[in-house]
Amino acid sequence: MPALRLENGVVLADNAAIAAYLEAAYPEPPLLGITALEKAEIASWHWRAEFEGLLAIAEALRNGSPAMANRALPGPVNYPQIPELAQRGVARVQQFFATLNEHLAGREFIATERFSIADITAVVAVDFARVVKVKPTEQHPHLLRWRLAVGQRASIGG
Ligand SMILES: N[C@@H](CCC(=O)N[C@@H](CS)C(=O)NCC(=O)O)C(=O)O
């Protein structure tokens, strides 16, 4: 997961490939930035949401959940869980929440002045973190305000 099957039968099976395809096929509204600097800023925060957010959650979940026994990494090869990585993953998710909260102080969006793929991936990470029992609290007022605002969009929800 994920996978997108196109009308011509081609299956895109990577998030990065799907995002690149959708932006090229449907450029309005732009989600990857317009100017060179916007593209760089969005790519940078998108990378952080994936690596510091989603991969930290995956580290915690895949190394801690009995349902993921022997599935510590995705893909065709089985890898055993390392319990210490589950603990480290939770700590990394908490750090990611703190980083996002600090970054969002006085900002409407994660990157640039417009909604972008960085907001989409960050929402997914913040919401998905509940599977490892990490949720935004009153310690994250800027993160909560941003989550409420982007949740007004029909494509995201509260
Ligand atoms: N190449 C994919 C990998 C995504 C990925 O790691 N997906 C995980 C969870 S969403 C998965 O497929 N897990 C199934 C498994 O572990 O067998 C991408 O970057 O989009």
Side-chain angles (χ1 to χ4, degrees), residues 1-34 36 38-101 103-104 109-112 114-136 140 143 146-147 150-151 153-158:
M1 297 188 294
L4 173 67
R5 184 189 298 277
L6 307 180
E7 283 183 4
N8 65 5
V10 171
V11 176
L12 304 177
D14 289 297
N15 184 45
I18 293 169
Y21 173 84
L22 290 177
E23 183 84 349
Y26 307 97
E28 284 300 325
L31 293 172
L32 303 183
I34 299 172
E38 281 176 4
K39 285 177 184 288
E41 188 184 341
I42 290 168
S44 193
W45 278 99
H46 188 216
W47 185 90
R48 293 190 71 168
E50 288 192 323
F51 277 74
E52 297 175 27
L54 290 176
L55 288 188
I57 298 165
E59 182 174 76
L61 180 68
R62 301 190 75 108
N63 285 287
S65 166
M68 292 280 182
N70 228 23
R71 294 295 304 159
L73 291 170
V77 179
N78 286 334
Y79 291 96
Q81 295 176 318
I82 302 174
E84 290 81 2
L85 287 183
Q87 288 174 16
R88 189 183 74 176
V90 169
R92 288 175 62 211
V93 178
Q94 287 164 342
Q95 183 55 46
F96 174 66
F97 275 35
T99 299
L100 273 192
N101 181 62
H103 174 66
L104 283 165
F109 300 109
I110 301 273
T112 74
R114 257 193 303 273
F115 182 79
S116 75
I117 194 168
D119 295 284
I120 296 173
T121 301
V123 165
V124 172
V126 168
D127 290 4
F128 191 46
R130 70 179 181 275
V131 300
V132 293
K133 299 185 171 55
V134 181
K135 290 182 179 172
H140 309 100
L143 183 57
W146 162 83
R147 179 62 187 87
V150 292
R153 304 175 72 91
S155 58
I156 292 191

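Counting starts at 1 for both ligands and their atoms, in listed order.
Below 4.0 Å from some heavy atom of D14 lie the following atoms of ligand 1, by number and element: 1 (N), 2 (C), 18 (C), 19 (O), 20 (O).
Heavy-atom proximity to atom 13 (N) of ligand 1, evaluated over R71, R62, M68, is greatest for R62. Nearest-heavy-atom check against atom 8 (C) of ligand 1 across A19, P74, P2, G75 picks out P74.
Atoms CD and CD, from E52 and Q95 in turn, are 8.5 Å apart once rounded to the nearest 0.5 Å.
No side-chain heavy atom of I57 sits less than 4.5 Å from a side-chain heavy atom of F96.
Here the protein heavy atom with the shortest distance to atom 4 (C) of ligand 1 is M1 O, 3.1 Å. Of the protein's non-hydrogen atoms, N15 N, 2.7 Å is the one closest to atom 20 (O) of ligand 1.
The shortest N/O to N/O separation between L73 and ligand 1 does not fall below 3.5 Å.
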### Task
Please lay out, stage by stage, how R114 and E38 fare under the test side chain to side chain contact (heavy atoms under 4.5 Å, CB included).
CA-CA 10 Å; R114 257 193 303 273; E38 281 176 4; 2.9 Å; yes

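Using a 30° and 60° split on the angle between ring planes, F115 and F109 fall in the perpendicular class, above 60°.
Between T121 and the choices H46, R48, E50, the side-chain hydrogen bond (donor to acceptor under 3.5 Å, both in side chains) rule is met once, by H46.
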